[in-house]
Amino acid sequence: MEPRERAGTHTPPAANAGDPLEGRTLDGRYLIGRRIARGGMANVYKATDQRLDRTVAVKVMQQGLGDDAAFARRFVREARAAARLNHPHVVSVYDQGEEDGVVFLAMEYVPGRTLRDLIHEEAPLPPAKALEYFTPLVQALAAAHRAGVVHRDVKPENVLLAETPDGHRVIKVADFGLARAVSAETAHTATGGVLIGTVSYLAPELVVNGETDARVDVYAAGVVLFELLTGQKPHAGDAPIQVAYKHVHEDVPLPSTLVPGIPDYLD
């Protein structure tokens, strides 16, 4: 993912002129600015909600995913489920729409960086600091699970970090429900097609038979904590299929074997 930009005064988009969405108004409401993040399933743009005069983030599904009417219905259903989540560590979903094949979500704009940026810059983190970032993540997941929503794509790129003007840290989890909406379009297995969720964070049962419930989020969150503590992923390989195989057939190593001094309770 490309790093998320800091918040600022909205100006009419001029950069990245090759992107046909920049400068376009979706649903007669959202003036699309510059792209601020890019992923396999969607791109994210900083935008202006002209009706409420506020800055939002608009996530636009990659072309091809939104072409199918059944997918669009699933996407709307999952967007509504995500919009019901009201938690200080969950990115708020404001609106959902479709225009000329462009399927999009309008969400809370969280200026700053991602947990992936933090890992690149600072990991391995001291245990106490790692838990400061990990605790809001699991609090958000717990609230979602109580509401019957499973994330299915927990990874550092989906944990957004920002600071308020008074210096308080804000940690929010994004993209609830998106992987579920896409999963019916693709195969779940490592050998049968596209893996839903970054392979390094996939629970073994998701790799083997596509089973998903709240436990896949718990597993992925554990991998994120491992990465915060060690600066490494628990399994590595030259190809995604190799990493998926290790998740199924090999145990996750103890973090203290990579970073001596990590407390037993974290191991």
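Because the structure is predicted, anything quoted here is derived from the model rather than measured.
Between Glu108 and Arg54 there is no salt bridge, since none of the side-chain N atoms of the basic residue sits less than 4.0 Å from a carboxylate O of the acidic one. Glu205 has no carboxylate O lying under 4.0 Å from a charged side-chain N of Arg215, or vice versa, which leaves the two without a salt bridge. With respect to the salt-bridge test (charged N to carboxylate O, under 4.0 angstrom), the residues Arg34 and Asp19 do not qualify. Between Asp251 and Lys246 there is no salt bridge, since none of the side-chain N atoms of the basic residue sits less than 4.0 Å from a carboxylate O of the acidic one. Ionic pairing of Asp49 and Arg29 is present here: one or more N-O contacts between side-chain nitrogen and carboxylate oxygen are shorter than 4.0 angstrom. Between Arg38 and Glu157 no salt bridge is recorded (no basic side-chain N to carboxylate O distance below 4.0 Å).
In terms of modelled atom types and a separation under 3.5 Å, the side chain of Thr230 and the main chain of Gln232 share a donor-acceptor contact. At distances below 3.5 Å, not a single donor-acceptor pair connects side-chain atoms of Lys59 with backbone N or O atoms of Ala106. A donor-acceptor pair is defined here as one N or O able to donate and one able to accept, closer than 3.5 Å; no such pair exists between the side chain of His89 and the backbone of Val173. Judged by distance alone, the side chain of Glu98 and the main-chain N or O of Gly101 form a donor-acceptor pair under 3.5 Å. Checking side-chain atoms of Glu22 against main-chain N and O of Arg35 turns up a donor-acceptor pair under 3.5 Å. A distance-only check finds a donor-acceptor pair linking the side chain of Asp217 to the backbone of Arg152 [under 3.5 Å]. Here the side chain of Glu121 pairs no donor or acceptor atom with the backbone of Leu118 at under 3.5 angstrom. With hydrogens and angles disregarded, no donor-acceptor distance shorter than 3.5 Å links the side chain of Thr135 to the backbone of Glu132.
Summarising the geometry, atom CD1 belonging to Ile171 is positioned 7.5 Å from atom CG belonging to Leu115; distances are rounded to the nearest 0.5 Å. Atom CG of Asp95 and atom CZ of Phe104 lie 6.0 Å apart (nearest 0.5 Å). With rounding to the nearest 0.5 Å, the separation of CG in Leu131 from CG in Leu225 is 6.0 Å. The distance from atom CD1 of Ile119 to atom OG1 of Thr114, rounded to the nearest 0.5 Å, is 8.0 Å. Within the model, atoms CZ of Arg116 and CG of Leu161 stand 12.0 Å from one another, a figure rounded to the nearest 0.5 Å. To the nearest 0.5 Å, the span separating OG on Ser256 from CG on Leu266 amounts to 9.5 Å.
Residues Leu26 and Val102 are in side-chain contact: their nearest non-hydrogen atoms beyond the backbone lie under 4.5 Å apart. Two residues are said to be in side-chain contact when any heavy atoms from C-beta on lie closer than 4.5 Å; Gln139 and His87 meet this criterion. Lys46 places a side-chain heavy atom less than 4.5 Å from the side chain of Tyr109. The closest side-chain heavy-atom distance from Arg113 to Leu160 is not below 4.5 Å. In this structure, the side chains of Val224 and Leu137 come closer than 4.5 Å at one or more pairs of heavy atoms. Between Tyr30 and Val56 the shortest side-chain heavy-atom distance falls below 4.5 Å. Within the 4.5 Å cutoff, the side chain of Leu125 has no heavy atoms near those of the Leu229 side chain. Side-chain contact check for Glu122 versus Lys129: some heavy-atom pair is nearer than 4.5 Å.
In this structure, Asp267 and Pro255 approach most closely via the heavy-atom pair OD1-CD, 2.9 Å. Of all the heavy atoms in Val58 and Ala47, the pair that sits closest is CG2-CB, 3.7 Å. Closest of all the heavy-atom pairs between Pro253 and Pro234 is CD-O, 3.7 Å. Across all non-hydrogen atoms, the minimal contact from Ala82 to Phe176 is CB-O, 3.6 Å. The minimum heavy-atom distance linking Gly33 with Tyr45 is given by the pair O-CD2, 3.6 Å. Of all non-hydrogen atoms in Ser200 and Val223, the two that sit nearest each other are O-CG1, 3.5 Å.
Summarising the local packing, NE2 of His168 is surrounded by 12 or fewer heavy atoms from other residues, nucleotides or ligands at distances under 6.0 Å.
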Check the pair His151, Asp175 against side chain to side chain donor-acceptor pair (under 3.5 Å), reporting the backbone distance first and the verdict last.
CA-CA 7 Å; His151 192 291; Asp175 281 0; over 6 Å; no

Check against side chain to side chain contact (heavy atoms under 4.5 Å, CB included), Asp213 and His145:
CA-CA 9 Å; Asp213 58 28; His145 295 166; over 6 Å; no

Evaluate the criterion salt bridge (charged side-chain N to carboxylate O under 4.0 Å, His left out) for residue pair Glu227 and Lys233; output intermediate values, then yes/no.
CA-CA 5 Å; Glu227 208 169 352; Lys233 297 181 176 68; 3.6 Å; yes

Test salt bridge (charged side-chain N to carboxylate O under 4.0 Å, His left out) on Glu99 and Arg24; report intermediate values, then the result.
CA-CA 11 Å; Glu99 182 177 290; Arg24 178 174 169 180; 3.4 Å; yes

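Val170 and Tyr133 fall into different hydrophobic clusters, defined by Ile, Leu, Val, Met, Phe, Trp and Tyr side-chain heavy atoms under 4.5 Å apart, directly or through other members. Hydrophobic clustering of Ile, Leu, Val, Met, Phe, Trp and Tyr side chains at less than 4.5 Å, counting indirect connections, keeps Val199 apart from Val218. Linking ILVMFWY residues whenever their side-chain heavy atoms come closer than 4.5 Å, directly or via other members, places Tyr219 and Val154 in the same cluster.
A distance of 6.0 Å or more separates the ring centres of His247 and Tyr201.
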